[in-house]
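What follows is a single structure, written as structure tokens, with notes after it.
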Amino acid sequence: MTQAAGNRLRVLVIEDQHDIAANIWDFLERRGHEVDHCADGVSGLARAMRGDVDVVVLDLGLPRMDGLDLCRRLREAGNGVPILMLTARDTLEDKLRGFAEGADDYLVKPFAMRELEARIHAVRPHRAPSGGVPAFAGLTYDPRTMTAERDARRIPLTRLQGSLLAVLLQEAPRIVPHARLIDTAWGAEGGDIAALQTQVYELRALVDKPFAQPLIHTVRGIGYRLASPA
Ligand code: CA
């Protein structure tokens with residue numbers, strides 16, 4: 001099955017295990033995507049920095065430079081390419097470290113190829129909503145630069161954080177249910193409440209914590225909303 005032109009993605013796979021890399025390559029090419037591969041962190045970073053990649057699939061354990069280091073260096077260089085990190089262990093600490101270094105999502109090995117593709121689609125760049133950048137109570141988010149702005153302070157976000165904030169802004173001050181936020185960020189096959197809570201925690205640390213009044217409010221058991229400071 002091939003992709004319509006708009007769904008064809010250029011995917012960079014940085015993975016040192018040859019069998020895994022070959023499986024991913026074969027599957028994604030059969031699905032109509034364009035795949036490039038690097039087997040170590042140094043060449044992977046150089047390839048990702050060229051800027052002609054839609055999504056990076058990044059193994060955590062790599063020779064020459066590990067995945068977390070690569071992720072951090074990419075972000076420090078101002079490169080916002082969506083990163084799906086592959087981890088061997090399903091530990092919260094690993095996930096939080098990955099998110100802290102700028103990964104957008106993670107997948108625990110072994111994984112099904114269909115899930116990999118669903119995650120790739122969830123983190124890939126989405127078209128900016130028409131009608132400009134939504135704003136609420138001095139907070140805006142521009143998906144073209146993956147940057148939020150609040151009280152004239154610019155706040156770079158990950159793809160996941162940005163997609164969640166964009167929906168909250170579009171609907172503000174209405175409540176956005178958990179299911180819609182999860183679907184927006186991860187697609188139908190992806191995330192869960194725990195992953196959502198982790199992302200909202202990170203988002204709050206960036207757009208609420210440094211300011212006097214929080215804008216993101218929890219509606220217990222239902223979802224989240226943006227609300228003006230009282
Ligand atoms: Ca590895």
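Counting starts at 1 for both ligands and their atoms, following the listed order.
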Item to check | Among the N, O or S atoms of D16, the one nearest the Ca ion (ligand 1) | outcome: OD1
Checklist entry - Any N/O/S atom of D59 sitting less than 3.0 Å from the Ca ion (ligand 1), backbone or side chain? => result yes
Checklist entry - With distance as the sole test, does Q17 use its side chain to make a donor-acceptor pair with the main-chain N or O of D19 at under 3.5 Å? => result no
Next on the checklist: Check this for me, if you would: do R73 and D69 make a salt bridge, where the nitrogen-to-carboxylate-oxygen distance has to be below 4.0 angstrom?
Outcome noted: yes
Checklist entry - Can the ring centres of H33 and H121 be said to be less than 6.0 Å apart? => result yes
Next on the checklist: When you measure from the Ca ion (ligand 1) to the N, O or S atoms of G61, does any of those distances fall below 3.0 Å?
Outcome noted: yes
Next on the checklist: Could you check whether R153 makes a cation-pi contact with F211, meaning its NZ or CZ is under 6.0 Å from the centre of the six-membered ring and within 45° of the ring axis?
Outcome noted: yes
